[in-house]
Number of protein chains: 2
Amino acid sequence: MRTPATPNHLDQTLLALADPTRRAILQRLSAGEARVTELAQPFALSLNAVSKHIRVLERAHLVHRRREGREHLLSFTPKPMDDVARWMDAQRANWSARLQALDDLLQEEDRALASAPPPKKGRTR
Amino acid sequence: MRTPATPNHLDQTLLALADPTRRAILQRLSAGEARVTELAQPFALSLNAVSKHIRVLERAHLVHRRREGREHLLSFTPKPMDDVARWMDAQRANWSARLQALDDLLQEEDRALASAPPPKKGRTR
DNA sequence: GCATCATTCAACCTCTGGGTTGAATATCAA
DNA sequence: TTGATATTCAACCCAGAGGTTGAATGATGC
């Protein structure tokens with residue numbers, strides 16, 4: 001379903017987060033910088049696989065890579081997650097606004113019914 | 001990178017959200033129930049494609065389907081998004097806790113340096 | 001009954017995601 | 001230099017995502 005050929009930031013961020021290995025990596029990184037090998041250590045995965053996961057996180061700008069000699073130091077950069085949080089908040093605001101509107105409608109109906117006795121059948125006139 | 005063969009709820013939710021078409025559908029649904037054809041209308045996509053997107057959202061429990069005659073009425077169910085929000089909050093709490101710890105460390109160091117003049121070379125004792 | 005409308009099912013295509021292994025590159029340490 | 005270490009590159013595999021088209025299913029309206 002190639003939607004547009006231009007995946008936006010939200011797409012990339014959410015996609016990057018949609019994998020338990022990558023979420024675990026982020027969790028580890030939120031405790032501080034780590035090297036690729038360190039990050040790979042807890043997983044039953046080849047180093048290469050983890051390297052790829054890191055690339056996905058980088059693409060989403062969720063991590064930043066700092067080279068120091070032969071070691072690559074990865075660190076967590078939270079901005080994209082803030083963006084996701086903002087989108088979700090907006091979405092939820094939308095949703096609760098709609099619920100509120102429904103509620104208002106029902107209340108108004110109740111008031112109308114209370115002021116005029118229910119015409120069970122036939123018109124009032 | 002088949003991590004486990006058991007994609008958990010977060011995986012499915014985030015994956016479902018990682019597509020602009022599906023996010024648009026959710027946005028539309030947060031304004032109220034809609035039929036499949038209505039949902040498909042804004043997109044330059046086959047009805048079938050949209051039907052598939054809806055299935056993905058269903059799999060993630062982000063929408064609920066109610067059949068009424070030949071029409072399928074879709075509605076937004078926000079719980080999975082709440083779960084994502086909770087995960088992200090936890091993640092951010094983690095992160096800011098770490099920053100706070102770093103800050104504390106620096107402050108303590110500063111205090112230490114202020115009380116004892118800096119021994120530029122050689123041990124104190 | 002029959003045409004129509006709403007939706008899915010089935011088959012297929014292509015692209016990408018996640019994984020592997022093996023070789024290449026670059027740095028460090030001796 | 002030489003060998004070990006840290007990491008990526010390249011090629012490949014397979015499953016699944018996203019899309020298409022065409023047929024099947026199931027209500028509805030006459």
Side-chain angles (χ1 to χ4, degrees), chain A residues 1-26 28-29 33-60 62-75, chain B residues 1-26 28-29 33-60 62-75:
Chain A
M1 307 182 189
R2 268 307 76 255
T3 326
T6 53
N8 64 40
H9 282 194
L10 269 186
D11 288 9
Q12 308 237 146
T13 305
L14 289 163
L15 192 72
L17 293 177
D19 180 287
T21 303
R22 286 193 291 262
R23 285 199 304 277
I25 290 177
L26 284 186
R28 166 64 186 79
L29 285 183
E33 270 191 341
R35 296 176 309 134
V36 176
T37 323
E38 284 167 18
L39 288 175
Q41 190 266 325
F43 302 106
L45 281 180
S46 73
L47 191 62
N48 252 337
V50 174
S51 179
K52 281 191 182 187
H53 278 301
I54 292 171
R55 240 197 325 264
V56 174
L57 291 170
E58 258 185 309
R59 186 178 63 183
L62 281 163
V63 308
H64 172 254
R65 184 191 303 257
R66 177 168 69 85
R67 234 145 302 204
E68 186 151 309
R70 58 182 161 179
E71 326 190 317
H72 296 205
L73 282 296
L74 284 314
S75 54
Chain B
M1 304 181 188
R2 267 308 75 252
T3 325
T6 55
N8 65 40
H9 283 196
L10 268 186
D11 289 10
Q12 306 236 147
T13 305
L14 289 164
L15 192 71
L17 292 177
D19 179 288
T21 302
R22 287 193 291 263
R23 285 198 304 276
I25 290 177
L26 285 186
R28 165 64 186 79
L29 285 183
E33 270 192 341
R35 295 178 309 137
V36 176
T37 324
E38 285 167 17
L39 288 176
Q41 191 266 324
F43 302 107
L45 279 181
S46 74
L47 191 61
N48 251 338
V50 174
S51 179
K52 281 191 182 185
H53 278 301
I54 292 172
R55 240 197 326 266
V56 174
L57 291 169
E58 259 186 307
R59 186 176 66 183
L62 281 163
V63 307
H64 172 255
R65 184 190 303 256
R66 177 168 71 84
R67 235 147 300 205
E68 186 152 310
R70 57 180 162 181
E71 327 190 316
H72 296 205
L73 282 297
L74 284 312
S75 54

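Residue numbering restarts at 1 for every chain, and letters A, B, ... go by the order of the sequence lines. Worth saying up front: this structure is predicted, and the values here are computed from it rather than measured.
If you check C:dT8, C:dA11, D:dA6 against the side chain of A:Arg35, the one that comes closest is D:dA6. Considering only side-chain atoms of A:Arg55, the nucleotide from C:dG17, C:dA11, D:dC9 that sits closest is D:dC9.
Partners of B:Arg55 according to the salt bridge (charged side-chain N to carboxylate O under 4.0 Å, His left out) rule, which considers only residues two or more places apart in sequence or in another chain, do not exist here. With sequence neighbours left out, the side chain to side chain donor-acceptor pair (under 3.5 Å) criterion links B:Arg67 to no other residue. The side chain to side chain donor-acceptor pair (under 3.5 Å) search around A:Gln41 returns none, not counting sequence neighbours. For the side chain to side chain donor-acceptor pair (under 3.5 Å) test, no residue two or more places apart in sequence or in another chain qualifies with A:Arg28.
Within the 3.5 Å criterion, the main-chain N or O of A:His9 finds a donor-acceptor partner in the side chain of A:Thr13. A:Arg22 places a side-chain N or O within donor-acceptor distance of the main-chain N or O of A:Leu15, the cut-off being under 3.5 Å.
For C:dA6, neither phosphate oxygen OP1 nor OP2 lies less than 4.0 angstrom from any side-chain nitrogen or oxygen of B:His72.
One finds a salt bridge joining B:Arg66 and B:Glu33 here, because a Lys/Arg side-chain nitrogen approaches an Asp/Glu carboxylate oxygen to under 4.0 Å.
In this structure the side chain of A:Leu39 never reaches within 4.5 angstrom of the side chain of A:His53, judged on heavy atoms. Side chains of B:Arg23 and A:Leu10 form a contact here, defined as non-hydrogen atoms less than 4.5 Å apart.
One interatomic measurement links the two molecules: CG of B:Leu14 to C1' of C:dG17, which rounds to 16 Å at whole-angstrom precision. Here the P atom of nucleotide C:dA6 and the CD atom of B:Gln41 are 13 Å apart, to the nearest Å. Remark: C1' of C:dG17 and CG of A:Leu17 are 16 Å apart, rounded to the nearest angstrom. Look at CZ on B:Arg66: it is 15 Å from C1' on C:dA6, rounded to the nearest Å. Straight-line distance from the CZ atom of B:Phe43 to the C1' atom of D:dT20: 18 Å, rounded to whole Å. We find that CG of B:Asp19 is positioned 18 Å from P of C:dC15, with the value rounded to whole Å. Atom pair B:Lys52:NZ and C:dC9:P shows a separation of 11 Å (rounding to whole Å applied). Between B:Leu57 atom CG and C:dT8 atom P the separation is 12 Å, expressed in whole Å.
A residue-by-residue look at A:Leu15 and B:Leu47 shows that B:Leu47 has its nearest nucleotide of DNA chain C further toward the 5' end. DNA chain D is contacted by both B:Arg59 and A:Leu73; A:Leu73 maps to the nucleotide lying nearer its 5′ end (nearest heavy atom per residue).
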Just the table, please: protein N/O against nucleotides 21-25 of chain D N/O, every pair under 3.5 Å.
residue	atom	partner	partner atom	Å
D:dT21	O4	B:Asn48	ND2	2.5
D:dG22	O6	B:Asn48	ND2	2.5

*Summarise how protein sits on nucleotides 25-30 of chain C as a single string, 5' to 3': B when a protein heavy atom is under 4.0 Å from the base, S for sugar-phosphate-only contact, - for no contact.*
--BS--
